[in-house]
Every structure is written in C-alpha cells, then in structure tokens.
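Just follow the structure's listing: the first ligand is 1, and inside any ligand the first atom is 1. A quick note: this is a predicted structure, and the numbers were derived from the prediction, not measured. Because only heavy atoms are used, hydrogens play no part in the values below, and waters and symmetry mates are left out as well, while side chains stay in.
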Amino acid sequence: MANLIVRRLLIDLATPFPARWNGGDAFRSAFFNALSMSFPVGEQYFIDSVRAGLKALPPELQEGLAREVQGFVGQEATHRRVHALFNGHLTALGFDNELERRSTRRIQKNAGSDVRIHVAATAATEHLTAIFADWLLRHPEAMEGAEPRMRILWQWHASEESEHCSTAFDVYRALGGNEEWRMRLFGYITTTFALDITRQTIRNLWHDRSLFKWSTWRSAYRLLFSPQGMIRASYPAWKAYKAADFHPRQQDGSLARAWLQNNTDQYVPLGQQA
Ligand SMILES: [Fe+2]
Ligand SMILES: [Fe+2]
C-alpha cells in the first residue's frame, strides 16, 4: 500500500503570468493550459468515484485501502485547488474553459452508472496522467524557458500523480471489476480525453491568435509527435494498460520519487489531510 502524503506547495500562485508562460511558446502554453482546465472538475470526479468505490466494499476490504484512499483524496483535492488558482489567471486573460462545461455535463449524464464504471474511468484516467507525468519528468525541455514556479507546479503535480497511480486501480480490483469493462473504459477515456484536450487547445490558440501560425504547429510536432514527443514516446506505456497482468506499479516511478526527495524546500508535508 502506498503511503500518500499531502504536500502544500510554497510557490507564489498569486502573481499573474502571461498567456505564453511556457517559454513564450504558443502551443506548449495552450496545451498545458488545456490540461490544467480539465483538472478541477476531473479531479473532483476522481475523488467522488474512489470514495464511493471504497464505501461499496465490504468492511474487511475497506480497512486495507482506507488510508491510501484518504491520501489520494488529499492529494487530488490539493491539485484541484492549485489548478483552480492557475485557471483563474487564464480566465483573467480571457480564456474560456469550455472543456469544464462539457465534462460537467458528461459527469451529470453518467451519474447513475454502477460505481465500478466510475472507478474504472478513474483508473483509466489515472494511467493517462501517470504516463504524462513520467514523460514530463523525463523531458524537462517541455517547459524550457518557463518561470521556475511554473516548472515546480507541474513537476510537483506530475510526481504525485506517479505516486498515487495505483489507488483507483486497486479499488477497482477490490470491487471485483472485470477486465472487459476495464478495457472498454480505457478506450472510452483515451478517446474523450484526447478530443477534449485537442478542442480546448485549439480554442486556447484561437484566443491567443496563434492558431494559424507555422511556429505553433512546428512546436506541436516537437512536443507531441516527434520521436521523443509525448504521444510517440508514451505509446508503449499507454499500451501496457491493455495487458491482462497489468498493474500501475509496474511503471517506473523513480523520477517522481527523486523529484519529491530533491525538492523538499518547495513544499510542506501536511500528513494525509488536505
Ligand atoms: Fe492530480
Ligand atoms: Fe491523480
């Protein structure tokens, strides 16, 4: 069982930042902003799903997972708060978070589904965030030229995503969730998440007046589709989820552990409560 600690970041989140905060690069900024826009509503959904999943377990199984779920909830609640502050600056710059409205509608529409569906959807999204996290920690050039406080924010979030990558998955297994639905939800989540982020990135670029510039799409290629780019380099880790004997702990979390150990001056550990 993972011992998940909630950490309060010490960085300045009050000072505004420019639209192209990520090294002056329009695409890198718009893409990261789209991810950030998905977090507050998404992470609340993960919290609600994993909590409901834990509650649905028989007491003897609850006992083994309760502490880890508490840490998971504390970490995700902290991420929500930090990204809500981050997104507040984007709103002040005139960016419209359409992704949040769409996800909220989708969550409301599916609210009556079986708890295992919600936990499977959470486990699938957590795998996507964990592989993105690992890629980000492996490729600091994705935030080249960004202010240190921005790099710390994203690397801290990435490290905690890697740290708690197995919580929802273990709750799903404990609930007796089957392989068929684990795979179905993984396909569904990959598609909807990719579409949501693509649409919001385009929206952000439109607002930034950089949608139709060659430099924007050159940067998109470098960030996502080049051999070391996020999508190509992460494909083997994405595919690993489909193996029958997959478990999130099989993924390499060493960079995340190293980041948390090497950056203790950037946060205050709060224990398990957010
Ligand atoms: Fe998170
Ligand atoms: Fe997470």
Side-chain angles (χ1 to χ4, degrees), residues 1-9 11 13 31-54 65 67-87 97 99-100 103 107 118-137 150-173 182 185-186 189-190 192-193 196-197 230 234 237-238 241 246-249 251-253 255-257 259-260 263 266-267 269-270 272-274:
M1 192 180 77
N3 181 27
L4 302 173
I5 288 172
V6 177
R7 303 169 180 89
R8 185 164 60 82
L9 266 189
I11 60 168
L13 289 161
F31 180 77
F32 277 70
N33 288 346
L35 288 172
S36 180
M37 286 164 154
S38 79
F39 291 149
V41 69
E43 293 179 314
Q44 186 60 52
Y45 174 71
F46 308 155
I47 290 171
D48 295 341
S49 302
V50 168
R51 267 191 179 144
L54 182 74
L65 284 160
R67 236 181 101 75
E68 180 171 335
V69 167
Q70 192 189 356
F72 172 90
V73 167
Q75 289 191 342
E76 293 292 33
T78 312
H79 301 167
R80 282 192 80 235
R81 275 204 295 274
V82 166
H83 280 276
L85 290 171
F86 184 96
N87 295 348
N97 191 350
L99 197 171
E100 184 165 270
S103 326
I107 290 168
H118 294 301
V119 178
T122 302
T125 321
E126 287 287 291
H127 183 60
L128 298 183
T129 51
I131 58 182
F132 172 68
D134 181 62
W135 178 85
L136 187 65
L137 293 167
M150 297 302 217
R151 271 185 277 139
I152 289 160
L153 185 158
W154 285 90
Q155 288 168 345
W156 156 78
H157 192 169
S159 301
E160 290 194 348
E161 285 306 319
S162 174
E163 196 181 31
H164 72 221
C165 65
S166 57
T167 311
F169 189 93
D170 288 342
V171 172
Y172 183 70
R173 280 270 191 263
R182 184 170 77 83
L185 267 298
F186 186 54
I189 289 293
T190 300
T192 45
F193 192 66
D196 279 353
I197 295 298
M230 193 191 93
S234 303
W238 175 84
Y241 196 82
F246 171 80
H247 188 271
R249 288 277 154 235
Q251 309 280 306
D252 177 16
L255 286 179
R257 284 193 296 277
W259 191 92
L260 292 168
N263 289 276
Q266 303 296 346
Y267 60 80
L270 299 177
Q272 285 214 319
Q273 295 299 329

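With hydrogens and angles ignored, the 3.5 Å screen pairs no side-chain donor or acceptor of D134 with any backbone N or O of S162.
Of all N, O or S atoms in H79, the one lying closest to the Fe ion (ligand 1) is ND1. Distances from the Fe ion (ligand 2) to each N, O or S atom of E76 single out OE2 as the nearest. For the Fe ion (ligand 1), the nearest N, O or S atom contributed by E43 is named OE2.
Contact annotation: C165 places no N, O or S atom under 2.8 Å from the Fe ion (ligand 2). Look at E160 and the Fe ion (ligand 1): no N/O/S atom of the residue is under 2.8 Å from the metal. The Fe ion (ligand 1) has an N, O or S atom of H157 closer than 2.8 Å.
Using a 4.0 Å cut-off between a side-chain N of Lys or Arg and a carboxylate O of Asp or Glu, E163 and R7 qualify as a salt bridge.
The angle subtended at the Fe ion (ligand 2) by OE1 of E126 and OE1 of E161 is 100°, given to the nearest 10°.
Aromatic pair F46/F72: centroids not less than 6.0 angstrom apart. For W154 and F32, the distance between ring centers is under 6.0 angstrom.
Note that R182 lies in the cation-pi zone of Y241, set by a 6.0 Å cut-off to the ring centre and a 45° limit from the axis.
Here the straight-line distance linking atom OG1 of T129 with atom NE2 of H127 works out to 9.5 Å at 0.5 Å rounding.
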